[in-house]
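Everything below concerns the one structure shown next.
Indexing begins at 1, ligand by ligand and atom by atom, following the structure's order. All figures in this text were calculated on a predicted structure; none of them were measured in a lab.
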Amino acid sequence: MGNTTAAWHEDRIAAAVAPLLPGFAVEAVAEIDSTNTELMRRARAGRVEPVLLVAEHQTAGRGRLGRAWQSEQQSREQTSLLFSLGLPLAPADWSGLSLAVGVSVAESLDPSGEHRIGLKWPNDIWVNDRKLVGILIETAMPHAGKPGAQRYVVIGIGINIGAREADGMRTPPAWLRQWRPDASGPEVLGELAEPLVRSVREFEARGFAPFAERFAARDVLRGREVVLSDGTAGLCEGVAWGGELQVRTDAGLQLISSDEVSVRPRGMAF
Ligand code: BTN
């Protein structure tokens, strides 16, 4: 996996998070196929310790819906922040986890809302209709069938730090250095990690409800005409308390909960 070029301050981040998640560790690697793939491999092999794995480059990054997630070859300047958080999790209801993660990351990147960092259901983070962050959540059940078996969740996050070309992307990119010229991957990871773990633990205890109004405050689809991936058009009426997208169509109000349904604002080419 090779030596990293940046100082990731693994111990500092681990020390900040450990009170929330005993045994938590941070690992930084120069290159890997995908941080999500690696943590899912470990979980399937029975390794379910809480960990954050950050990579300076991914050779086979993965996005939602089976798509690839391209990150440009990293330099000392760190074009993207690429990491996955893995931990055992046992919420009463899983719906809305990806939205809660989006809320946490958006709030860490833009606490006051001044940069208009918004959330595009279910879990993209957009700025001016451009994509700043992608989130991929996967789960494994390594001890399925055994009493007390817990799910292991892998929360993968890719953040554009430096300028990116739009080549082949479904949504044109935004990047953090557009308004934070000195932003670096390690600095941003240091800002995000502890609040992210805190949010995931809060979700585990209380579900999506504590995040619903915070999501609404940054919801970029609410009040806009949207088109579902099956071609149905309607007016987005925001997100329900269970995390479903509410779309008013000719057939009435539809509650969209499936990750398989993609949504785009009407009139947009992507
Ligand atoms: C999406 O928008 O489709 C989700 C993109 C998620 C990308 C991140 S980068 C770190 C982690 N490792 C992966 O292979 N994917 C996620």
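Using a 4.0 Å heavy-atom cutoff, Q58 is listed among the residues neighbouring ligand 1.
Residue, atom and distance of the protein heavy atom nearest to atom 11 (C) of ligand 1 are T35 OG1, 3.3 Å. R64 N, 2.7 Å is the protein heavy atom nearest to atom 3 (O) of ligand 1. Nearest protein heavy-atom contact of atom 5 (C) of ligand 1 is W69 CE3, 3.2 Å. The protein heavy-atom contact nearest to atom 15 (N) of ligand 1 is R62 O, 2.7 Å. The protein non-hydrogen atom at the shortest distance from atom 2 (O) of ligand 1 is K131 NZ, 2.5 Å.
Annotation for A30 and T4: closest pair N-CG2, 3.7 Å, computed over non-hydrogen atoms. Considering all non-hydrogen atoms of both residues, A209 and W241 come closest at O-CZ3, 3.7 Å. The two residues A90 and E204 make their nearest non-hydrogen contact at N-OE2, 2.8 Å. Residue L82 comes nearest to T35 through the heavy atom pair O-CG2, 4.3 Å, listed as atom of the first residue, atom of the second, then distance. Closest non-hydrogen pair, S84 versus V154, comes out as CB-CG1, 3.9 Å.
Those atoms of ligand 1 with a heavy atom of S84 less than 4.0 angstrom away are 11 (C). Each of the following atoms of ligand 1 lies closer than 4.0 Å to a heavy atom of S34: 12 (N), 13 (C), 14 (O). Taking every non-hydrogen atom of G61 and a distance limit under 4.0 Å, the qualifying atoms of ligand 1 come out as 14 (O). Short contacts between ligand 1 and G63, defined as distances under 4.0 Å to a heavy atom of the residue, involve ligand atoms 1 (C), 3 (O), 4 (C), 5 (C). Taking a cut-off of under 4.0 Å to the non-hydrogen atoms of D124, the atoms of ligand 1 that pass are 2 (O).
A salt bridge does not link R180 to D110: none of the charged side-chain nitrogens sits closer than 4.0 Å to a carboxylate oxygen. Under the 4.0 Å criterion applied to side-chain N and carboxylate O atoms, R47 and E49 are assigned as salt-bridge partners. A salt bridge does not link R12 to E194: none of the charged side-chain nitrogens sits closer than 4.0 Å to a carboxylate oxygen.
Hydrophobic clustering (ILVMFWY, side-chain heavy atoms < 4.5 Å, transitive): L192 and V26 are in one cluster.
The proximity of I157 to ligand 1, defined as any non-hydrogen pair under 4.0 Å, is limited to the backbone. Residue contacts with ligand 1, taken as heavy atom pairs separated by less than 4.0 Å, do not involve R67 at all. Residue L65 does not touch ligand 1, judged by heavy-atom distances below 4.0 Å.
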